[in-house]
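See structure below.
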Amino acid sequence: MPDPSNSDDLQEMRQEQNLLRQCISTCNTRLWQTTRQAASDLNSKEPEWAILRFIGGVDLSCHKDDQTKACAALVVLRLPDLEVVYKDFIVDDVTVPYIPGFLGAREYPLISRLLDRIRDKSPELFPQVLLVDGNGILHPRGCGSACYVGVKEKVPCIGVAKTFFHLPGWSDTFEDDLRKTLISHGDSADMVHDGRVVGKALIASKKSTNPVFVSVGHGIDLETAVWVVLLCSKYRVSEPVRQADQLSRQIINNLSKLPLGTLC
DNA sequence: GCGACAG
DNA sequence: ATCTTGTCGC
């Protein structure tokens, strides 16, 4: 298992990110993305695969005083009502510690197992797009956790981060400038890095002044990603991520309060 | 050397 | 990630 306290392993993880980055598609790859057809209109004659109906969310919560124990959760919501139609979680040890810039290496393995399980148990509910708690190409090497999931699983993925991630080359006031832009120029602001728009600061809920940071993970373009996030943002944090966050946190907390072994 | 640092 | 209740506001 990789041990990032070892600088050789860290270098290997950097190399993996550089390889994964080559495989990222920041274009739309599905028909529902191009047409932006969501299951909001009931009497649509389009086939199921041409309409966005199932949106997934994944998140991982850690044990209070043991970073190596975690619960990963996957939820699937159905449009247009955002009803939760699938829930699953895995409690297990996480071998890779948290290191800024390498969240994907830490979280991907458990997420992968969750996706294997829904493919096996309920393939008809497999999400057409996945929202990942973290960043996509808004990342020092253009390979955040949403890119790990998207590229490795070949699933359209969107990164939704709750806090700002500072990239090398940005000024110290970049985040403040973003927020000022939001106040004066509306509800979203481009985040430009090396001349590329790598993400969007987005006020997803009309009630909040605090933005969420959306970036492409894989297999979808940024404008469509924003469209998806807005589709399922009842609150600041979009429902799929919120539900997955809630579920994983509840499980990991109850686990610490119980004496021993009540699993499955 | 020191601080900053998605979750 | 987690430590953490009430509270101010729509």
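As the structure is a prediction and not an experimental result, all values here were calculated from the model.
- Put simply, CZ on A/Arg106 is 19 Å from P on B/dC5, counting in whole angstrom units.
- Note: NZ (A/Lys207) to C1' (C/dC10) measures 9 Å, nearest angstrom.
- Considering only the side chain of A/Ser61, C/dA1 comes nearest among B/dC5, B/dG7, C/dA1.
- A/Asp133 comes within contact range of the sugar-phosphate backbone alone, with a heavy-atom separation under 4.0 Å but no base atom that close.
- Taking atom CG of residue A/Asp59 and atom P of nucleotide B/dA6, one finds them 15 Å apart after rounding to whole Å.
- The side chain of A/Thr163 places an N or O atom within less than 4.0 Å of a non-bridging phosphate oxygen (OP1 or OP2) of B/dG7.
- Contacts of A/Gly159 with the nucleic acid, taken as non-hydrogen atoms under 4.0 Å apart, are absent.
- The distance between atom CZ of A/Phe213 and atom C1' of B/dC5, rounded to the nearest whole Å, is 14 Å.
- In this structure, A/Phe164 atom CZ and B/dC5 atom P are separated by 9 Å, rounded to whole Å.
- Between the side chain of A/Thr29 and the backbone N or O of A/Gly219, at least one donor-acceptor pair lies under 3.5 Å.
- Other residues, nucleotides and ligands contribute over 12 non-hydrogen atoms within 6.0 Å of the CZ atom of A/Arg36.
- Close to C/dT4, at under 4.0 Å from its OP1 or OP2, lies no side-chain N or O of A/Lys64.
- When heavy atoms are screened at a 4.0 angstrom cut-off, A/His166 is found touching no nucleic acid atom at all.
- The interatomic distance linking A/Arg249 (CZ) with C/dT4 (C1') rounds to 12 Å, in whole Å.
- A stacked arrangement is assigned to A/Tyr98 and the six-membered base ring of B/dG7, with a centre-to-centre distance below 5.5 Å and an interplanar angle below 30°.
- Atom P of nucleotide B/dA6 and atom CH2 of A/Trp170 are separated by 12 Å, given to the nearest angstrom.
- Within a 6.0 Å sphere centred on NZ of A/Lys121, other residues, nucleotides and ligands contribute more than 12 heavy atoms.
- With a 6.0 Å radius and a threshold of 12 heavy atoms from other residues, nucleotides or ligands, A/Asp172 has its CG atom at or below the threshold.
- B/dG7 atom P lies 16 Å from atom OH of A/Tyr148, rounded to whole Å.
- Within the 3.5 Å criterion, the main-chain N or O of A/Ile51 finds a donor-acceptor partner in the side chain of A/Gln128.
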